[in-house]
Amino acid sequence: MTITVHPNHPDVTEEMWDKIDTIIQEYKTIPGSVISVLRLSQNNVGYLPTPLIDYVAVGMGLPSSQVFGVATFYSLFSLKPKGRHIIKACTGTACYVKGIKEVMSHIANKYGIKEGDTMEDRRFTLEGVRCLGACGLAPVMIVSEDIHGNLKPDEVVNILEDYK
Ligand code: FES
């Protein structure tokens with residue numbers, strides 16, 4: 001019987017490592033399944049810390065560089081932790097014209113995050129995204145699953161204060 005020693009990482013609990021072991025066991029003999037293993041691992045942990053990518057590589061019998069290559073190539077993977085609430089601010093043309101940049105700078109001033117950043121306490125991640133298909137409501141952002149339109153820069157903080 002082999003005893004698996006899990007790496008130490010503050011964001012990955014023993015229970016999560018056990019689940020990742022199960023995922024690796026399930027997929028390791030299936031060719032080309034590294035994307036599935038990374039996706040399921042990310043679903044468990046929330047993102048892909050470096051030791052987790054190394055662990056998947058060893059478990060799948062693949063070179064680390066190959067698994068890193070996959071993890072960094074696809075935008076669905078995140079190598080950085082994300083906030084509890086993801087703010088998706090639309091930077092498409094209609095929203096741009098209607099002032100999404102001012103909305104984002106109010107968010108930056110209040111919470112200290114610019115596009116691509118996550119707050120240290122992981123409350124918010126701010127992402128800029130392409131047209132959300134709600135141009136009639138420009139400027140628009142989605143917070144968690146909620147859509148907020150016709151945003152006024154000086155009201156955006158009031159909206160966000162409801163998300164703890
Ligand atoms: S440009 Fe923002 S919703 Fe279309």
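Bear in mind the structure is a predicted one, so any value in this text is a computation, not a measurement. What you see below is based on every heavy atom in this structure, not just the backbone, and it leaves out hydrogens, waters and symmetry mates. When a ligand or atom number is given, it counts from 1 through the structure's own listing order.
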Criterion salt bridge (Lys or Arg N to Asp or Glu O under 4.0 Å) on Arg123 and Glu120, from CA distance to verdict: CA-CA 8 Å; Arg123 182 174 171 194; Glu120 228 156 78; over 6 Å; no
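Annotation: angle subtended at atom 4 (Fe) of ligand 1 by Cys135 SG and Cys131 SG is 90°, to 10°.
Listed by atom number, the atoms of ligand 1 under 4.0 Å from Ala94 heavy atoms are 1 (S). Contact atoms of ligand 1 toward Cys90: 1 (S), 2 (Fe), 3 (S) (distance under 4.0 Å to a heavy atom of the residue). Contact atoms of ligand 1 toward Gly133: 3 (S) (distance under 4.0 Å to a heavy atom of the residue).
Between Asp11 and Arg122, at least one side-chain N (NZ, or NE/NH1/NH2) sits under 4.0 Å from a carboxylate O, which counts as a salt bridge. Between Lys82 and Glu127 there is a salt bridge, with a side-chain nitrogen of the basic residue lying less than 4.0 Å from a carboxylate oxygen of the acidic one.
Note: the hydrophobic cluster containing Ile20 also contains Val70 (ILVMFWY, side chain heavy atoms under 4.5 Å, direct or indirect links).
Ligand 1 has no atom lying under 4.0 Å from any heavy atom of Ala138.
Side chain to side chain, Tyr111 and Asp121 fail the donor-acceptor criterion of an N or O pair below 3.5 Å.
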